[in-house]
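Everything numeric here is computed off the predicted structure, so don't read it as measured data.
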Amino acid sequence: MTVGLCLLTWNELEGCKHDIPLIDKSQFEQVYCIDAGSTDGTVEFLQSQGICVYQQSKEGLNQACIDGVLHCSCDAFVFFHPKGTIPVEDIYRFRKYFEDGYELVVGSRMMKKSVNEEDTKILKFRKWFVLGLGILAKIMFQREGNTIWDVLHGFRGMTAKAFRSLQISDFDPSVDIEMVCRSYKLHIRRIEFPTREKARLAGKTHFKAFSTGMKLLRYMAIECMRK
């Protein structure tokens, strides 16, 4: 089993400066990046660290992930957003799950022993929405196997063969929840493990909460009509 590390970036220079030096590249057979058009020096920094950077073929998170698998030369891959939010050492945990036969592996902020950025807040709107979407996906599509509760965390990995079988749509930015829903429908073996999230080091999220939430709910309706 060969495993590639696919970085997904869009103006994440500060996060990259924090995370990349901590990565032991020898733990992966391939380390590369799909960049969405950074203008802050992210690409130049990654290249200075010996990391091959590919510009994604068109806009959108879905396309970034599709391109990531297109450029993957390994049996499996790990998507990692270097924002300084997730412990770098957790990227090494995926290989064991792949070797155990799992095809979709998610680093979860929703499990026991995990930490969500909103855990210290009284009102956890983002966390509650993710859990609600996870429950909805489970009710609508899961018929067997493990439940994935953190359906929107981009810190995840999959075998390349299984990802290609999903036929990810261009209904951006559905890719994270789509990977879960399609894995339910196609009976892909899946699991999640707890990770610890903290606030990003710099910059703001590229996805506005309300508009993104509405798009994801529309995707769920569309998925009901797909095979």
Side-chain angles (χ1 to χ4, degrees), residues 8 10 60-66 68-69 78-81 83 85-86 90 94 97 102-158 162-163 165-200 204-227:
L8 300 175
W10 185 13
L61 180 61
N62 285 36
Q63 190 62 49
C65 294
I66 292 169
V69 179
V78 176
F79 285 144
F80 181 59
H81 300 255
K83 302 178 293 186
T85 59
I86 298 296
D90 280 358
F94 287 82
Y97 291 109
Y102 291 100
E103 299 168 279
L104 171 63
V105 185
V106 177
S108 176
R109 305 159 298 176
M110 305 294 166
M111 300 174 66
K112 187 176 181 180
K113 297 184 179 179
S114 69
V115 175
N116 187 291
E117 181 189 349
E118 290 188 331
D119 281 343
T120 58
K121 300 179 181 180
I122 296 176
L123 299 176
K124 306 174 177 62
F125 294 118
R126 186 188 66 162
K127 181 176 182 178
W128 293 337
F129 178 76
V130 175
L131 286 172
L133 205 58
I135 292 170
L136 184 61
K138 177 181 175 67
I139 292 171
M140 293 172 67
F141 305 118
Q142 186 186 3
R143 299 295 178 266
E144 47 69 48
N146 294 328
T147 299
I148 300 297
W149 293 108
D150 199 346
V151 295
L152 295 186
H153 200 196
F155 181 47
R156 57 182 60 202
M158 200 165 194
F163 182 90
S165 75
L166 300 181
Q167 297 182 313
I168 294 296
S169 71
D170 59 0
F171 194 85
D172 200 67
S174 66
V175 63
D176 292 332
I177 180 66
E178 191 166 347
M179 289 171 71
V180 175
C181 292
R182 301 292 291 165
S183 75
Y184 286 158
K185 294 173 79 170
L186 298 177
H187 307 290
I188 287 170
R189 197 172 179 215
R190 58 203 172 265
I191 196 170
E192 59 182 358
F193 65 84
T195 191
R196 305 181 309 282
E197 179 192 46
K198 60 182 180 180
R200 59 163 52 239
K204 297 180 180 179
T205 179
H206 300 297
F207 303 101
K208 294 182 180 180
F210 182 78
S211 59
T212 299
M214 294 304 295
K215 288 178 181 178
L216 295 176
L217 290 174
R218 285 175 58 200
Y219 156 74
M220 295 292 282
I222 292 171
E223 185 60 53
C224 288
M225 309 206 218
R226 295 177 72 191
K227 293 182 180 179

Correct closest heavy-atom pair for Q167 and E178 would be O-OE2, 4.0 Å

Looking only at heavy atoms, the pair that brings C65 and L8 closest together is SG-CD1, 4.0 Å

Report yes or no: does [X] contribute a side-chain atom to a donor-acceptor pair with the main-chain N or O of [Y] at less than 3.5 Å?
| X | Y | result |
| --- | --- | --- |
| R156 | D176 | yes |
| D150 | R109 | yes |
| Y184 | I148 | yes |
| N62 | S174 | yes |
| K185 | E223 | yes |

Between S183 and E103, do the side chains contain an N or O donor and an N or O acceptor separated by less than 3.5 Å?
-> no

Apply side-chain contact (heavy atoms from CB on, under 4.5 Å) to L216 and L152, showing your working.
-> CA-CA 10 Å; L216 295 176; L152 295 186; 3.7 Å; yes

Return the [atom1] to [atom2] distance between [X] and [Y], rounded to the nearest 0.5 Å.
| X | Y | atom1 | atom2 | result |
| --- | --- | --- | --- | --- |
| F163 | I66 | CZ | CD1 | 5.5 Å |
| H153 | S114 | NE2 | OG | 10.0 Å |
| N116 | K121 | CG | NZ | 9.0 Å |
| R226 | C181 | CZ | SG | 10.0 Å |
| I191 | T147 | CD1 | OG1 | 11.5 Å |
| L166 | I188 | CG | CD1 | 4.5 Å |

side-chain contact (heavy atoms from CB on, under 4.5 Å) assessment of R218 paired with F171 | CA-CA 9 Å; R218 285 175 58 200; F171 194 85; 3.8 Å; yes

Determine, step by step, whether E117 and K127 satisfy the salt bridge (Lys or Arg N to Asp or Glu O under 4.0 Å) criterion, reporting the C-alpha distance in whole Å, the side-chain angles of both residues, the deciding distance to 0.1 Å, and the verdict.
-> CA-CA 9 Å; E117 181 189 349; K127 181 176 182 178; over 6 Å; no

Does any non-hydrogen side-chain atom of S165 lie less than 4.5 Å from one of L186?
-> yes

For the residue pair T85 and F155, establish whether any side-chain heavy-atom pair is separated by less than 4.5 Å.
-> no

Could you give me the CA-CA distance, side-chain angles and deciding distance for E144 and R190, then say whether salt bridge (Lys or Arg N to Asp or Glu O under 4.0 Å) is met?
-> CA-CA 10 Å; E144 47 69 48; R190 58 203 172 265; 3.6 Å; yes

Walk me through it: do Q63 and D170 pass the test side-chain contact (heavy atoms from CB on, under 4.5 Å)?
-> CA-CA 7 Å; Q63 190 62 49; D170 59 0; over 6 Å; no

Residue of the set L133, I135, V106 for which side chain to side chain contact (heavy atoms under 4.5 Å, CB included) holds with W149 | I135

Apply salt bridge (Lys or Arg N to Asp or Glu O under 4.0 Å) to the pair R126 and E197, showing each step before the final yes or no.
-> CA-CA 13 Å; R126 186 188 66 162; E197 179 192 46; 2.7 Å; yes

Applying ring pair (Phe, Tyr, Trp, His ring centres under 6.0 Å) between F94 and each of F79, F193, F80, report the one that passes.
-> F193

Show your reasoning for whether side-chain contact (heavy atoms from CB on, under 4.5 Å) applies to M220 and I177.
-> CA-CA 9 Å; M220 295 292 282; I177 180 66; 3.8 Å; yes

